[in-house]
Participant: 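I'd like to ask you about the structure that follows.
Values below: all heavy atoms of this structure, side chains included; hydrogens, waters and symmetry mates excluded. Residue numbers begin at 1 in each chain, while the letters A, B, ... track the order of the sequences.
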There are 2 protein chains.
Amino acid sequence: MGKQIDIGRVLANLPLFQQLREGEIANLAAGTREIGLGKGRILFQKGTLLEGFYVVVRGQIKLAFTSPQGNEKVVSLVGPGQSFGEAVMFMERPCPVMAQALEDSRLLHIAKQGIFAAIDHDSAFARRLLAGLSMRLHGLIQDVENYSLRSSTQRVIGFLLQLAGTPGSGSVIFELPASKHVIASRLNLTPETLSRILHSLIESGLITVHGRRIVVQEMARLSQFDDLPHPPCAKGG
Amino acid sequence: MGKQIDIGRVLANLPLFQQLREGEIANLAAGTREIGLGKGRILFQKGTLLEGFYVVVRGQIKLAFTSPQGNEKVVSLVGPGQSFGEAVMFMERPCPVMAQALEDSRLLHIAKQGIFAAIDHDSAFARRLLAGLSMRLHGLIQDVENYSLRSSTQRVIGFLLQLAGTPGSGSVIFELPASKHVIASRLNLTPETLSRILHSLIESGLITVHGRRIVVQEMARLSQFDDLPHPPCAKGG
DNA sequence: TCGGGAACTTGATGTAAATCAAGGCACGAT
DNA sequence: ATCGTGCCTTGATTTACATCAAGTTCCCGA
């Protein structure tokens with residue numbers, strides 16, 4: 001079923017390109033190529049120079065780095081409608097991470113030439129790009145905050161609450177966006193630790209788990225869950 | 001000696017504003033105010049909405065977040081000529097970190113209005129902003145990489161090598177940009193651990209330390225230093 | 001229906017770094 | 001001199017999480 005994609009239409013529906021004029025969409029589309037990527041295939045390795053950025057149309061892409069010892073750390077999971085690689089494109093430096101398809105995926109590659117032209121013609125577009133990069137930066141800061149001053153349990157809870165979305169209390173059901181192995185890496189945990197934490201949340205009656213399907217019994221209670229046996233006392237700054 | 005600052009001149013010398021035309025510099029300067037901040041004073045708390053961004057003229061600013069338990073994590077140390085807060089300004093969301101002066105400091109606050117005007121008039125300026133944010137994003141990714149898959153010793157070595165600058169081998173001398181307490185937090189370590197690591201580097205003859213003054217005896221040897229008693233074996237992905 | 005393997009769980013053990021607890025040491029005020 | 005008061009170091013102990021090592025369960029293909 002190699003359904004042909006209407007590149008212009010897909011581009012026009014991306015939040016980033018919303019208010020762009022037709023001529024500019026066409027211009028972008030001219031520099032855009034479609035990429036199919038089978039599950040497990042690597043799109044680019046760490047160190048690559050990017051001549052544009054990518055939009056996920058279908059499937060899921062994992063961004064990760066690998067340590068000299070061969071361990072792997074997932075930085076980001078990118079799903080349909082989301083994009084990646086903009087920052088690397090603007091920096092004109094080797095990409096700090098690798099990109100790999102977690103499922104059979106379909107991507108668009110948008111050449112930087114068209115993006116720069118759109119920036120020149122439409123300063124509102126430039127602002128949207130700036131806002132987009134800023135949001136991404138904000139997400140990374142949150143990651144740093146999570147890694148450096150939250151416990152593993154708190155990180156898992158935060159992740160679940162984020163997936164659950166609606167901050168209103170009550171019970172919510174949803175699916176993990178990837179295998180537990182990948183989720184664990186994203187949260188800077190080993191699969192074993194993630195398994196144990198989920199187990200303890202289940203035992204506390206806060207959630208139930210069937211495969212990737214999670215039911216949060218009550219958001220409010222989950223967000224207040226505190227694990228620490230010896231709460232360390234605050235120190236004035 | 002409250003020497004008055006020529007705001008226009010300072011702005012024109014910032015890398016970010018290099019090729020801006022005089023009229024635009026004047027426009028920016030009109031929306032810019034000067035801020036003096038005594039050592040230890042807090043510029044803004046986490047959660048503040050920023051109506052512009054800041055440039056450090058003199059002194060040093062620490063960006064950090066605090067955990068509910070009162071612990072503090074330094075995200076960034078900002079020195080003369082560097083700026084911060086752009087991303088928060090573009091996002092129009094509460095700032096995720098707090099900002100505090102580590103020394104008596106002098107800052108400029110540049111209103112977003114002027115920045116947006118400059119973006120509208122000069123797409124090259126927009127591109128420079130995009131590149132700047134991209135670089136910052138890159139720095140954060142490096143931080144995440146360091147925190148999540150480097151040991152504490154490797155983080156310290158990486159930090160020292162970065163301060164030492166010139167990748168050419170040989171001996172280099174420099175000063176730590178802040179107290180060891182602050183450096184430790186920036187590297188996600190306790191002061192005790194940093195002290196022990198520096199001690200072990202000294203014992204290995206790789207560096208010498210007198211207060212904040214560091215001498216790296218030989219860059220090459222320091223960068224190769226490996227501490228791990230049981231190097232874990234690689235696992236294929 | 002069966003078999004094989006990936007994904008996940010569970011338990012025992014190990015360890016890097018944090019925490020707790022005293023000291024040294026410099027430097028400025030009295 | 002002397003007394004403090006931060007800043008840093010050093011040592012003993014604890015701990016959260018990783019690692020190692022078996023099991024389960026589930027799923028998919030033959």
Participant: Can you measure A:Leu187 atom CG to D:dA16 atom P for me and round it to whole angstrom units?
Facilitator: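 These atoms are roughly 19 Å apart.
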Participant: Can you tell me if B:Thr190 touches the phosphate of C:dA18, counting only side-chain N or O atoms and a distance under 4.0 Å to OP1 or OP2?
Facilitator: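 Yes, within the criterion.
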Participant: Identify the residue among A:Ile183, A:Leu161, A:Leu194, A:Thr193 that makes a side-chain contact (heavy atoms from CB on, under 4.5 Å) with A:Val156.
Facilitator: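 Exactly one option meets the side-chain contact (heavy atoms from CB on, under 4.5 Å) with A:Val156, and it is A:Leu194.
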Participant: What integer distance in Å separates B:Ile197:CD1 from D:dT10:P?
Facilitator: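 Roughly 13 Å, once rounded to whole Å.
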Participant: From the list D:dC17, D:dT10, C:dA18, which nucleotide is the closest neighbour of the side chain of A:Arg155?
Facilitator: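 For the A:Arg155 side chain, the nearest candidate turns out to be D:dC17.
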Participant: Quick test of your reading of the model: are B:Glu72 and B:Lys62 salt-bridged, counting only N-O distances below 4.0 Å?
Facilitator: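 Salt bridge between B:Glu72 and B:Lys62, a charged N being under 4.0 Å from a carboxylate O: yes.
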Participant: In whole angstrom, what separates A:Lys180's NZ from D:dT25's P?
Facilitator: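 In whole Å, D:dT25 P and A:Lys180 NZ are 14 Å from each other.
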Participant: Would you mind telling me which of D:dA21, D:dT10, C:dC8 lies closest to the side-chain atoms of A:Ser179?
Facilitator: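 The nucleotide sitting nearest to the side chain is C:dC8.
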Participant: Quick check for you: among D:dT9, D:dA12, D:dA18, whose closest atom lies nearest to any side-chain atom of A:Thr193?
Facilitator: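 The listed nucleotide nearest to A:Thr193's side chain is D:dA18.
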Participant: Rounded to whole Å, please give me the gap between CG in A:Asn188 and P in D:dA18.
Facilitator: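 Those two atoms, CG and P, are 8 Å apart.
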Participant: Need one value for A:Leu194: base, sugar-phosphate or nothing, where a base atom within 4.0 Å counts as base even if backbone is also close, heavy atoms only.
Facilitator: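 If one applies the 4.0 Å heavy-atom cut-off, A:Leu194 turns out to touch nothing in the nucleic acid.
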Participant: Mind calculating the distance between NE2 (A:His210) and P (D:dT24) to the nearest angstrom?
Facilitator: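 After rounding, the gap between these two atoms is 21 Å.
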Participant: Looking at D:dT9, D:dT19, C:dA17, which one has an atom nearest to any side-chain atom of B:Ser151?
Facilitator: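 Nucleotide nearest to B:Ser151's side chain: C:dA17.
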Participant: Can you tell me how the ring of A:Phe84 sits relative to the ring of A:Tyr54, calling it parallel under 30°, perpendicular over 60° and tilted otherwise?
Facilitator: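 Plane angle under 30°, so parallel.
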Participant: Is there a side-chain contact between A:Tyr147 and B:Asn188, using heavy atoms and a 4.5 Å cut-off?
Facilitator: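 No - every pair of side-chain heavy atoms lies 4.5 Å or more apart.
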Participant: With nearest nucleotide decided by heavy atoms, which residue, A:Arg212 or B:Arg150, maps closer to the 5′ end of DNA chain C?
Facilitator: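 Result of the comparison: A:Arg212.
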Participant: What is the separation between atom CD on B:Glu192 and atom P on C:dG23, rounded to the nearest whole Å?
Facilitator: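 Roughly 16 Å, once rounded to whole Å.
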Participant: Just the rounded figure in Å: distance from C1' of C:dA7 to CD of A:Glu175.
Facilitator: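 Whole-Å distance recorded here is 15 Å.
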Participant: With a cut-off of less than 4.0 Å, is there a side-chain N or O of A:His181 near OP1 or OP2 of C:dC8?
Facilitator: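 For A:His181, the contact criterion (side-chain N or O under 4.0 Å from OP1 or OP2 of C:dC8) is not met.
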Participant: Can you find a side chain N or O atom of B:Ser195 that sits less than 4.0 Å from OP1 or OP2 on D:dC8?
Facilitator: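 False: B:Ser195 side-chain N/O out of range (4.0 Å or more) of D:dC8 OP1/OP2.
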Participant: Whether the A:Ser83 and A:Glu86 side chains hold a donor-acceptor pair (N or O, under 3.5 Å, no angle test) is what I'd like checked.
Facilitator: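 There is such a pair between these side chains.
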Participant: What is the separation between atom OH on B:Tyr147 and atom P on C:dA17, rounded to the nearest whole Å?
Facilitator: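 Rounding to the nearest Å, OH of B:Tyr147 and P of C:dA17 are 14 Å apart.
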Participant: Select base, sugar-phosphate, or nothing to describe what A:Ser152 touches, counting heavy atoms under 4.0 Å on all strands.
Facilitator: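 The answer is sugar-phosphate, as A:Ser152 gets under 4.0 Å only of primed atoms, P, OP1 or OP2.
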